[in-house]
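Reading through the structure tokens given below for one structure.
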Amino acid sequence: MEPVTGVPGVLSGITGHRPLRARSQSGVPRMSARPNSDRVSLGSGFQLVWGSVVMSSLGDGVRFAALPLLATRVTSDPRLIALVLVAEQLPWLVVGPLSGVMADRFDRRRILWITDSVRAVIAVVFTLFAATGTVGIAVLAIAAFLFGSGQVVYSGAWAGIIPALVGPEGRTRANARLQAGSLITDTLLGAPGGTLLFAWAVAAPFGVNALCFGVAAVLMALLPGRYRAGETGATEDARPVRRDMAEGFRWLGKHRLLRALCLTSGVSNLVSAGLTAVLVLFAKETLQLGSTGFGLLIASFSVGGLLGAAVAPRLSLGIGRSRTLTLALAGSALAAASAGLSSSGAVAACMIAAYGIASVTWNVTAVSLRQDIVPGSLLGRVSMAYLMTVAGSSALGTTAGGLLAHAWGLRSPFLAGGAVLLFAAFVSRWTLSGTHDVTTDPPEGTVGSPDRVEHAVSDPGNART
């Protein structure tokens with residue numbers, strides 16, 4: 001359920017050569033279960049980052065709605081439409097490992113603004129193709145792959161920006177503002193806007209996408225300071241890339257709690273990708289909705305997601321992280337199945353909104369847990385290893401969604417997805433046990449040692465609630 005788009009949501013770094021994370025005497029990041037973030041100023045640097053993310057998300061939302069609509073003009077075969085979505089997710093497996101290494105070696109701010117600049121150029125070229133009516137499935141798949149590659153590189157560098165700008169006491173508030181801003185601009189404004197622009201002129205939403213990427217690049221370039229994962233020297237930069245790639249996967253594989261969280265996220269993303277792959281055809285052929293109705297279905301997810309972002313911290317504090325994650329999975333299962341059974345656009349929108357509540361509740365809780373566990377010097381590589389696993393399941397889910405819809409109808413991915421998520425919720429009662437605790441001062445020597453960090457997170461004796 002954790003999106004790989006973005007915002008997908010994935011998120012140490014150093015600003016002006018000074019670590020901004022609070023430290024205990026052992027040198028391990030100090031994490032408080034009840035930070036008083038309301039009194040903490042997030043600073044002008046965060047405002048620039050927020051503006052950049054919001055603009056980039058707006059462009060993503062416009063394209064997210066317009067690209068499948070353009071695909072339906074080219075073909076009505078759900079397998080070919082799913083192929084375009086698979087092409088957009090494939091870079092997570094191809095580019096992902098290198099992206100994590102880049103994020104831990106180079107200035108993350110520079111990676112972000114250069115990536116958005118390149119994506120703006122790609123969007124301009126694709127706009128010309130759309131305007132001249134020369135878009136086929138091959139062009140759509142290539143464009144989707146290039147946009148997806150940019151998103152992967154962006155996500156790898158993004159992992160350390162917020163921890164560098166905002167200390168632990170304000171990080172929850174910062175992440176909440178980013179999540180809310182992305183949801184509003186991506187799906188609440190961008191998706192409906194994309195459908196309206198597409199109805200007006202096929203090329204218009206892709207031109208707006210290019211403009212948004214350009215503005216996002218400028219805002220990120222204005223952010224002062226350097227954002228490298230520590231004082232990386234020439235010797236460290238000369239290490240074999242394969243070794244650095246393997247280190248992220250090895251750390252993830254040895255940490256029981258994070259490994260279980262990653263696998264469960266993979267299952268939930270498999271279902272989400274399958275539903276996304278057939279949503280445009282489900283809206284048009286089953287619900288008899290037009291392009292605007294499809295955009296409103298996407299917007300309903302955002303409305304629910306805003307509510308999920310608001311209730312997730314309270315649920316985690318009230319019933320614990322483990323129960324919150326299990327409840328989110330169960331809620332998403334019921335919402336997915338109910339949406340698949342509906343024949344009314346209004347009912348389907350309500351169920352998709354409910355799915356948004358459960359999905360974002362899962363995302364906020366899972367991302368917070370991952371931030372607490374992973375050392376800052378490994379955050380880029382471990383995050384990309386995590387997201388690559390999740391993205392692999394998304395590619396599989398997209399393919400499965402198209403095949404299920406082709407064989408058994410457009411309702412089948414929703415019903416099958418609900419059953420899978422319900423089973424995952426049942427299993428998560430044991431696999432994600434102990435995630436309700438938050439580490440304050442891990443024992444000395446825990447940095448870089450997943451087994452010891454896991455013990456500190458899981459052991460109630462080492463936590464405050």
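No experiment lies behind these values; they were computed from the predicted model shown. When a residue number appears, it is its place in the shown sequence, counting from 1.
Listed here is the closest heavy atom pair of Glu88 and Leu67: OE1-CD2, 4.5 Å. For Gly401 against Val278, the heavy-atom pair with the smallest separation is O-CG1, 3.4 Å. Taking each heavy atom of Ser393 and Gly266 in turn, the nearest pair found is OG-O, 2.7 Å. The heavy-atom pair separating Ala405 from Ser412 by the smallest distance is N-OG, 3.9 Å. Nearest heavy atoms, Ala328 versus Ala358: O-CB, 3.3 Å. Closest heavy-atom contact between Pro68 and Val280: CB-CG1, 4.2 Å.
Looking at Thr398 and Thr276, their side chains never come closer than 4.5 Å, going by heavy atoms from C-beta outward. At a threshold of 4.5 Å between non-hydrogen side-chain atoms, the residues Phe147 and Phe213 count as touching. A heavy-atom distance below 4.5 Å is not found between the side chains of Met55 and Asp116. Leu257 is not listed as a side-chain neighbour of Leu261, based on a closest heavy-atom distance of 4.5 Å or more. Side-chain contact between Trp251 and Leu258 is present, with at least one heavy-atom pair separated by less than 4.5 Å. Residues Leu421 and Tyr355 form a side-chain contact, since some pair of their non-hydrogen atoms from C-beta on lies under 4.5 Å apart.
Between the CG atom in Leu334 and the CG atom in Leu329 there is a gap of 11.0 Å [rounded to 0.5 Å]. The line from OG of Ser52 to CZ of Arg109 is 11.0 Å long, rounded to the nearest 0.5 Å. In this structure, CZ on Arg110 lies 14.0 Å from CE on Met220, to the nearest 0.5 angstrom. Here the CG atom belonging to Leu315 is positioned 7.5 Å from the OG1 atom belonging to Thr365, to the nearest 0.5 angstrom. In this structure, CH2 in Trp362 is found 4.5 Å from OG in Ser265, a value given to the nearest 0.5 Å. Atoms CD1 and OG, on Ile352 and Ser338 in that order, are 11.5 Å from each other to the nearest 0.5 Å.
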Derivation and outcome, side chain to side chain contact (heavy atoms under 4.5 Å, CB included), residues Tyr154 and Arg119 | CA-CA 10 Å; Tyr154 190 96; Arg119 289 200 285 182; 3.4 Å; yes
Side chain to side chain contact (heavy atoms under 4.5 Å, CB included) between Phe301 and Asp186, worked out | CA-CA 11 Å; Phe301 176 91; Asp186 191 330; over 6 Å; no
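Using cut-offs of 30° and 60° on the angle between ring planes, the pair Phe426 and Trp430 is perpendicular.
Between the side chain of Arg259 and the backbone N or O of Leu252 there is no donor-acceptor pair closer than 3.5 Å.
Between Thr326 and Ser428, the side chains place a donor N or O and an acceptor N or O closer than 3.5 Å (distance only, hydrogens not considered).
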